[in-house]
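Residue numbers run from 1 in the order of the sequence given. It should be emphasised that the depicted structure is a prediction, and the values quoted were computed from it without experimental measurement.
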Amino acid sequence: MAQTNAAKLYTPDVLALAVTLADFPLKHDSSLQADARSSTCGSTITVGMDCDESGLIASIGLSVSACAIGQASAAIMVQNVIGRDQAWVRSRQNEIETWLSGSKPTPNIPSFDLLDKAKHYPARHGAILLPWRAATAALSNEGSAS
């Protein structure tokens, strides 16, 4: 029996990664917050974070309404941003955008290779970028991103 597109995308590893978001609940009193919405799929995310005196991310929480691919991307982001700065987050976002356009290999972000199959589904690109755009907006104090 042929595997469905959903089964190809929503692998057990992707689903397991998505479940880890429960470990990072949104804190409404975070000093930096932003909302983002994907125009391609309608997924939404709210990111709340606090930075230390050096400008490095000290804590982060999320509220995510997205497919498992979007949730997995959010989990990858949240698991890798602690101790990083705005430049690192923006650079990873740029790497992901370039990767999605087909110009570069998979970004060198731990666990990001689990999203490789989603690259071939443009309808999922917005969900993949969503957490990275929201984090960049929060760190830029923009408040929202699309």
Side-chain angles (χ1 to χ4, degrees), residues 4-52 55-102 104-146:
T4 67
N5 285 342
K8 291 176 189 173
L9 284 177
Y10 304 128
T11 65
D13 289 336
V14 165
L15 297 174
L17 192 55
V19 170
T20 67
L21 285 178
D23 296 334
F24 301 94
L26 179 65
K27 296 177 217 154
H28 296 284
D29 62 346
S30 297
S31 61
L32 301 170
Q33 290 205 18
D35 300 304
R37 181 182 179 279
S38 169
S39 59
T40 58
C41 65
S43 295
T44 60
I45 187 171
T46 300
V47 173
M49 60 179 73
D50 293 296
C51 292
D52 64 17
L56 302 178
I57 299 168
S59 66
I60 186 167
L62 307 169
S63 175
V64 181
S65 177
C67 66
I69 295 297
Q71 291 176 41
S73 182
I76 291 167
M77 188 265 306
V78 78
Q79 292 172 8
N80 287 286
V81 297
I82 300 298
R84 308 291 188 160
D85 63 8
Q86 178 180 354
W88 185 89
V89 175
R90 187 176 303 276
S91 178
R92 297 303 81 74
Q93 177 185 327
N94 291 338
E95 281 181 37
I96 295 165
E97 289 170 347
T98 304
W99 169 71
L100 289 171
S101 73
K104 296 278 184 173
T106 304
N108 188 18
I109 303 167
S111 301
F112 204 86
D113 60 317
L114 295 175
L115 301 179
D116 275 344
K117 292 176 184 169
K119 178 181 180 180
H120 304 291
Y121 295 87
R124 296 294 177 252
H125 292 186
I128 292 169
L129 284 164
L130 194 64
W132 302 89
R133 288 181 173 160
T136 298
L139 291 164
S140 301
N141 244 349
E142 296 169 1
S144 67
S146 299

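Contact of the L100 side chain with the I128 side chain is registered, since non-hydrogen atoms from C-beta on lie closer than 4.5 Å. Looking at heavy atoms from C-beta onward, V89 lies out of side-chain contact with Q93 at the 4.5 angstrom threshold. Looking at L32 and C51, their side chains come closer than 4.5 Å, going by heavy atoms from C-beta outward. Contact of the K8 side chain with the Y121 side chain is registered, since non-hydrogen atoms from C-beta on lie closer than 4.5 Å. Residues P131 and V47 are not in side-chain contact: their nearest non-hydrogen atoms beyond the backbone lie 4.5 Å or more apart.
Take R84 and apply the salt bridge (charged side-chain N to carboxylate O under 4.0 Å, His left out) test, not counting sequence neighbours, and it matches no residue.
Pairing each heavy atom of L17 with each of T20, the nearest pair is O-OG1, 2.6 Å. What you find for G48 and L26 is that their closest heavy atoms are N-CD1, 3.4 Å. Of all heavy-atom pairs between A34 and A137, the closest is CB-CB, 3.8 Å. The shortest heavy-atom contact between S101 and T98 is OG-O, 2.7 Å.
Other residues, nucleotides and ligands place more than 12 heavy atoms under 6.0 Å from the CG atom of D52.
Evaluation of the ring-ring contact (aromatic ring centres under 6.0 Å, His included) test over residues 66-92, restricted to residues two or more places apart or in two chains, returns none.
Taken from OG1 in T136 to CZ in R92, the straight-line distance is 10.5 Å, to the nearest 0.5 Å. Atom CG of L114 sits about 11.0 Å away from atom OG of S73, to the nearest 0.5 Å.
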For side chain to side chain contact (heavy atoms under 4.5 Å, CB included), just list the numbers for R90 and S140, CA-CA rounded to whole Å, side-chain angles, deciding distance to a tenth of an Å, and then say yes or no. CA-CA 10 Å; R90 187 176 303 276; S140 301; 2.9 Å; yes
So I109 and W132, side chain to side chain contact (heavy atoms under 4.5 Å, CB included) or not? Walk me through it. CA-CA 12 Å; I109 303 167; W132 302 89; 4.0 Å; yes
Could you walk me through whether D113 and T106 pass the side chain to side chain donor-acceptor pair (under 3.5 Å) check? CA-CA 6 Å; D113 60 317; T106 304; over 6 Å; no
Go through the steps to decide whether I96 and F112 satisfy the test side chain to side chain contact (heavy atoms under 4.5 Å, CB included), and finish with yes or no. CA-CA 10 Å; I96 295 165; F112 204 86; 3.7 Å; yes
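Judged purely by distance below 3.5 Å, without hydrogens or angles, the side chains of Q79 and S111 never pair a donor atom with an acceptor atom. There is no side-chain donor-acceptor pair under 3.5 Å between T46 and Q33. Residues T40 and R124 bring no donor and acceptor atom of their side chains to less than 3.5 Å of each other.
Among K104, K119, R133, the single residue meeting the salt bridge (Lys or Arg N to Asp or Glu O under 4.0 Å) criterion with E97 is R133.
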For residues 56-72, tabulate all N or O donor-acceptor pairs below 3.5 Å that involve a side-chain atom, not counting sequence neighbours.
residue : atom : partner : partner atom : Å
S59     : OG   : D50     : OD2          : 3.3
Q71     : NE2  : A66     : O            : 2.7

